[in-house]
Amino acid sequence: MNEQPQLPSLREAFYRRERRSVPAAREFARRALKDWEVTARADDIALCVSELATNALLHGVPPGRGYLLRIDRRPDRTVRIEVHDSGDGEVRTPGAEPDAEGGRGLQLVAALADRWGVGERVPGKVVWCEFEGDCQWSVAGSNV
């Protein structure tokens, strides 16, 4: 993992194509939320970070590359999660078979987040989700 100098409302870290990067990304997100005193929906946000990071590993990151996790706390109380990868894979939300062990990650993201989507980057894509309004935090001891 390679953490960059952080702005107060923006955190990002780069992860290699390794399975251990998913729990590291989730912990990175939890630390950012804790630093910002975001408690509402913190578990949902952490789960969506895990799902987006897992999808990047399984479907988006070519061998020898990695992915970028960006977490943005916006003035309107929205928390935005972005996972940037350099793969060509198309993002789909297929219906998982009832007995399948996987295939539900983006369905979980769609159910938990207020919005989600996919953006382009060269090379690759950005898969993002947002959690609005009730992601309150404190600034100088008072709720914002």
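Positions are given from 1, in the same order as the sequence printed here.
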Would you check, one step at a time, whether the test salt bridge (Lys or Arg N to Asp or Glu O under 4.0 Å) holds for E18 with R16? CA-CA 6 Å; E18 304 170 327; R16 295 177 190 208; 5.0 Å; no

What heavy-atom pair brings [X] and [Y] nearest, and what distance separates the two atoms?
| X | Y | answer |
| --- | --- | --- |
| V22 | S50 | CG1-O, 3.9 Å |
| F131 | A113 | CE2-CA, 3.7 Å |
| A29 | V49 | CB-CG2, 3.8 Å |
| R65 | P123 | NH1-CG, 4.0 Å |
| F14 | G66 | CZ-CA, 3.5 Å |
| R80 | E82 | NE-OE2, 2.7 Å |

Begin from the C-alpha positions of V127 and N55 and carry the test side-chain contact (heavy atoms from CB on, under 4.5 Å) through to its verdict. CA-CA 9 Å; V127 184; N55 280 350; over 6 Å; no

Point-to-point distance, once rounded to the nearest 0.5 Å, from [atom1] of [X] to [atom2] of [Y]:
| X | Y | atom1 | atom2 | answer |
| --- | --- | --- | --- | --- |
| S9 | W36 | OG | CH2 | 7.0 Å |
| F28 | E12 | CZ | CD | 8.0 Å |
| C129 | L47 | SG | CG | 9.5 Å |
| I81 | W128 | CD1 | CH2 | 12.0 Å |
| R121 | S86 | CZ | OG | 6.5 Å |
| D72 | R11 | CG | CZ | 11.5 Å |

What verdict does the salt bridge (Lys or Arg N to Asp or Glu O under 4.0 Å) test give for R26 and D43, after you've listed the backbone C-alpha separation in whole Å, the side-chain angles of each residue and the deciding distance to 0.1 Å? CA-CA 10 Å; R26 184 175 51 245; D43 290 337; over 6 Å; no

Test salt bridge (Lys or Arg N to Asp or Glu O under 4.0 Å) applied to D85 and R17, step by step: CA-CA 10 Å; D85 69 56; R17 188 177 188 241; over 6 Å; no

Answer yes or no: is there an ion pair linking R73 with D35, defined by an N-O contact shorter than 4.0 Å?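 Judged by the 4.0 Å cut-off on N to carboxylate O distance, R73 and D35 do not form a salt bridge.
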
Is there a chain of hydrophobic side chains (I, L, V, M, F, W, Y, each step under 4.5 Å between heavy atoms) that links V118 to I71? yes

L57 with V126, same ILVMFWY side-chain cluster at under 4.5 Å: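 Hydrophobic grouping puts L57 apart from V126.
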
Do Y67 and S21 have side-chain heavy atoms sitting under 4.5 Å apart? yes

Assess the residue pair E132 and R74 against the criterion (salt bridge (Lys or Arg N to Asp or Glu O under 4.0 Å)); give the C-alpha distance rounded to whole Å, side-chain angles, the decisive distance to 0.1 Å, and a yes or no. CA-CA 9 Å; E132 14 176 79; R74 297 186 170 180; over 6 Å; no

